[in-house]
2 protein chains.
Amino acid sequence: MLEAKLQEAGTLKKLLDSIKELVTDANFECNEEAIVLQAMDNSHVALVSVKFSAAAFKRYRCDRPMPLGVNLTSLNKVLRCAKDDDICTLKAADEADVLNLVYEAKNSDRIAKYDMKLMDIDADTLQIPDTEYDARVTLPSSEFTRIVRDLSQLGESVRIEVSKEGVRFASDGEAANGSVLLRQSDGALISGTTIRPKSDGKEGGEDGGDEAEGSSSAKKEKAKVKKEKGDEDVDMSHEKDDNEDEEEEEFKPVENDEEGEEEQENEEDEEEEDGGSKKRKKKANGTSKPAKKPKTAKSKGKATEEDESATDVIIEMNQHVCLTFSLKYLVNFSKSATLSNKVQLMMSNDVPLLVSYDFNQGYIRYYLAPKIGED
Amino acid sequence: MLEAKLQEAGTLKKLLDSIKELVTDANFECNEEAIVLQAMDNSHVALVSVKFSAAAFKRYRCDRPMPLGVNLTSLNKVLRCAKDDDICTLKAADEADVLNLVYEAKNSDRIAKYDMKLMDIDADTLQIPDTEYDARVTLPSSEFTRIVRDLSQLGESVRIEVSKEGVRFASDGEAANGSVLLRQSDGALISGTTIRPKSDGKEGGEDGGDEAEGSSSAKKEKAKVKKEKGDEDVDMSHEKDDNEDEEEEEFKPVENDEEGEEEQENEEDEEEEDGGSKKRKKKANGTSKPAKKPKTAKSKGKATEEDESATDVIIEMNQHVCLTFSLKYLVNFSKSATLSNKVQLMMSNDVPLLVSYDFNQGYIRYYLAPKIGED
DNA sequence: CACGTTGGGT
DNA sequence: ACCCAACGTG
């Protein structure tokens with residue numbers, strides 16, 4: 001039995017706006033710790049990973065793991081019936097084939113209930129293909145949106161290059177070539193730290209915990225990218241491996257047979273890999289945030305909103321990286337800017353890019369394999 | 001070698017927004033004095049003339065005259081990658097086939113570079129078909145925008161009539177007729193002066209100078225309009241003169257073989273023709289600006305921004321004029337309202353209308369032949 | 001169903 | 001001037 005009470009329905013609405021064009025059906029995997037969605041996009045090139053930790057909810061209860069197969073188009077329709085500031089409660093009985101949604105206006109003068117049919121979806125649980133990166137760029141999400149939107153006017157793909165100089169986005173097109181160099185903010189070039197997605201959307205939060213996809217056994221086998229058929233995106237699917245002539249490469253989706261064995265393991269991972277280089281700057285919280293620019297809180301009204309350094313460009317880099325990606329997908333990813341004012345790009349050469357928007361107690365992450373043969 | 005540094009990319013962006021629907025390809029003629037663009041619109045009915053004086057730029061250098069053949073659609077794409085307040089530098093090497101654009105964020109933390117391919121464009125240098133008019137109406141550009149937009153909903157064409165009473169815009173349509181009378185502001189009816197476009201966009205500036213299109217020999221041969229095929233616009237092109245059955249009339253494009261003979265001539269014209277009527281109110285700066293409404297400077301930060309009398313309607317008239325024009329084109333012209341808060345309409349009977357938006361050190365001007373047979 | 005364009009509001 | 005929403009088109 002699931003019951004999850006979200007303070008603001010708007011969060012879920014924005015999330016669906018972000019991914020509804022990328023994914024049409026997906027399982028919301030609910031368990032005691034979190035609600036997780038992992039799915040490949042419709043063209044099987046990108047991978048979307050969403051997580052709402054239990055702590056993201058005002059109230060959360062899930063007795064046993066249950067997958068809720070949801071048609072996102074339907075869910076979107078139902079969510080559009082909620083106002084952004086409605087309190088939204090999701091309920092599903094064990095083995096239920098419907099999801100109940102209750103919207104309560106904040107002043108309680110309105111209560112709406114919706115029942116949405118669930119469906120069975122083949123749960124090809126996808127192995128998230130990476131755990132550690134050579135570079136992380138943290139930048140304002142609006143800046144990222146702007147850059148990929150601009151460059152998408154010129155060409156099909158963008159070359160992202162991270163160096164000590166900063167991060168460069170470059171695209172070549174028929175009529176024009178474009179290149180945007182973003183210099184890191186003062187003092188915001190960091191190297192020697194372990195770069196990996198934080199376990200949770202919580203900024204500077206505790207690092208261990210309920211990570212679902214980090215698998216210690218997968219720690220060093222970063223690249224699952226096949227390098228054939230160069231110069232194209234990589235298909236992260238496995239389903240159509242042999243019978244289609246798509247130009248895309250593919251990830252090897254790995255059966256996630258270690259799920260659940262992982263809790264409280266990340267913190268130890270970092271400790272053991274941290275030797276021999278600069279330690280992270282502040283206390284060991286895994287986020288490596290420099291102490292510069294102690295911005296005045298932006299008075300956004302929401303105490304939970306992380307509001308520091310949102311305008312900074314932070315570059316963490318252990319190695320120069322240069323990768324090429326399809327702009328079409330990045331433009332799609334950038335729609336999640338409504339969910340966070342910052343975005344992180346994590347990259348290693350020849351490894352899928354991780355684009356992560358972290359919010360209060362959760363995140364939305366996108367994985368996109370690089371085009372190869374031109375990076 | 002060209003290098004032109006513009007303080008605000010927004011100026012160029014607005015310019016391109018203005019003309020991109022009218023012209024698709026054009027040469028930017030760069031020389032020591034200015035950058036000039038002259039082109040006919042795609043249907044060869046209207047003529048666009050743009051000038052940026054060297055002084056319009058923060059830095060300007062052009063060693064030798066060079067035409068830059070630009071596809072405006074491409075340039076528009078590239079310019080959309082600039083923020084309005086970016087500093088924009090245009091560079092082109094001699095004989096280059098690319099134009100380099102550099103956008104610097106004001107705080108310099110972002111530098112974007114774009115290379116746009118240039119193209120060869122037949123430089124049918126167009127003789128701007130007039131130098132002196134019987135009437136000039138200066139009005140707020142927003143007012144002009146509103147009038148032509150309103151009337152365009154009623155009919156295809158507008159009759160513009162300038163008299164001592166004011167200026168009347170009238171359109172007859174299937175469902176309704178409309179007429180807008182604009183009275184000149186107090187004391188803003190001027191007659192007996194020479195009415196011609198100023199040599200430069202600079203308000204109240206020196207009148208002689210680097211005029212490219214003024215030709216003394218053409219001064220009195222105003223009308224080059226052929227009066228056949230009545231009731232239609234006039235094609236300003238010469239290229240398709242004989243082999244097409246367009247309904248439009250045509251200007252005679254004249255080879256501009258007297259370019260440069262004109263300097264410092266306008267001021268003398270004014271002196272000798274100035275007698276016998278109200279003098280212009282302020283000092284003889286050629287703009288005939290009344291002293292009314294000594295507006296408080298609008299604190300726009302730019303000392304060069306002309307900000308007085310923007311709400312006045314000024315009519316200079318030596319002869320009653322009544323002309324009919326296609327509203328479709330006027331609506332298009334009026335998009336340049338973003339570039340200046342004032343617009344000037346210069347008219348003589350049976351001669352193309354000149355619509356001029358003057359800005360700091362440049363202008364954009366449109367020429368449109370009247371429909372004949374109904375004026 | 002998605003994208004691009006146009007119009008209206010802040 | 002900028003951002004958001006709605007409409008129409010591909």
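These values consider heavy atoms only, across backbone and side chains, with no hydrogens, waters or symmetry-generated copies. Sequence lines set the chain letters: A, B, ... in the order given, protein chains first and strands last, and positions in each chain run from 1.
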- Please give, in whole Å, the distance from C/dC1 P to A/Asn71 CG? 9 Å
- Message: Going by ring-ring contact (aromatic ring centres under 6.0 Å, His included), A/Phe333 matches just one of A/Phe144, A/Phe325, A/Tyr367, A/Tyr366. Which one?
- Response: A/Tyr366
- Message: Measure CG/A/Asp17 against P/D/dA5 and give the value in whole Å, please.
- Response: 10 Å
- Note on the structure: Rounded to whole Å, the NZ-P distance (A/Lys328 to C/dC1) equals 17 Å
- Nearest-angstrom distance from the residue atom CZ of A/Arg149 to P of D/dC3: 9 Å
- Message: Counting the benzene-type ring for Trp, do A/Phe359 and A/Phe52 have ring centres under 6.0 Å apart?
- Response: yes
- Message: As an exercise, state the distance from CZ of A/Arg146 to CZ of B/Arg80, rounded to the nearest 0.5 Å.
- Response: 8.5 Å
- By salt bridge (charged side-chain N to carboxylate O under 4.0 Å, His left out) - contacts of A/Glu156 (at least two apart): none
- Task: To the nearest Å, give me how far apart CG (B/Asp85) and C1' (D/dA1) are.
- Result: 11 Å
- Message: At less than 4.0 Å, is any side-chain N or O atom of B/Lys14 found next to OP1 or OP2 of D/dA1? Yes or no.
- Response: yes
- Message: Please enumerate all residues that pass side chain to side chain donor-acceptor pair (under 3.5 Å) together with A/Asp86, with sequence neighbours excluded.
- Response: A/Arg110
Check nucleotides 3-10 of chain C for protein N or O atoms closer than 3.5 Å to its own N or O atoms and list the pairs.
| unit_1 | atom_1 | unit_2 | atom_2 | d |
| --- | --- | --- | --- | --- |
| C/dC3 | OP2 | A/Glu21 | OE1 | 2.8 |

- Query: What integer distance in Å separates A/Asn76:CG from C/dA2:P?
  - Reply: 10 Å
- Gap between atoms CG and P, on B/Asp84 and D/dC3 respectively (whole Å): 10 Å
- Query: Could you give the NZ-to-C1' distance, from A/Lys13 to D/dC4, as a whole number of Å?
  - Reply: 14 Å
- Message: Atom NZ of residue position A/Lys83 - does it have more than 12 heavy atoms of other residues, nucleotides or ligands inside 6.0 Å?
- Response: no
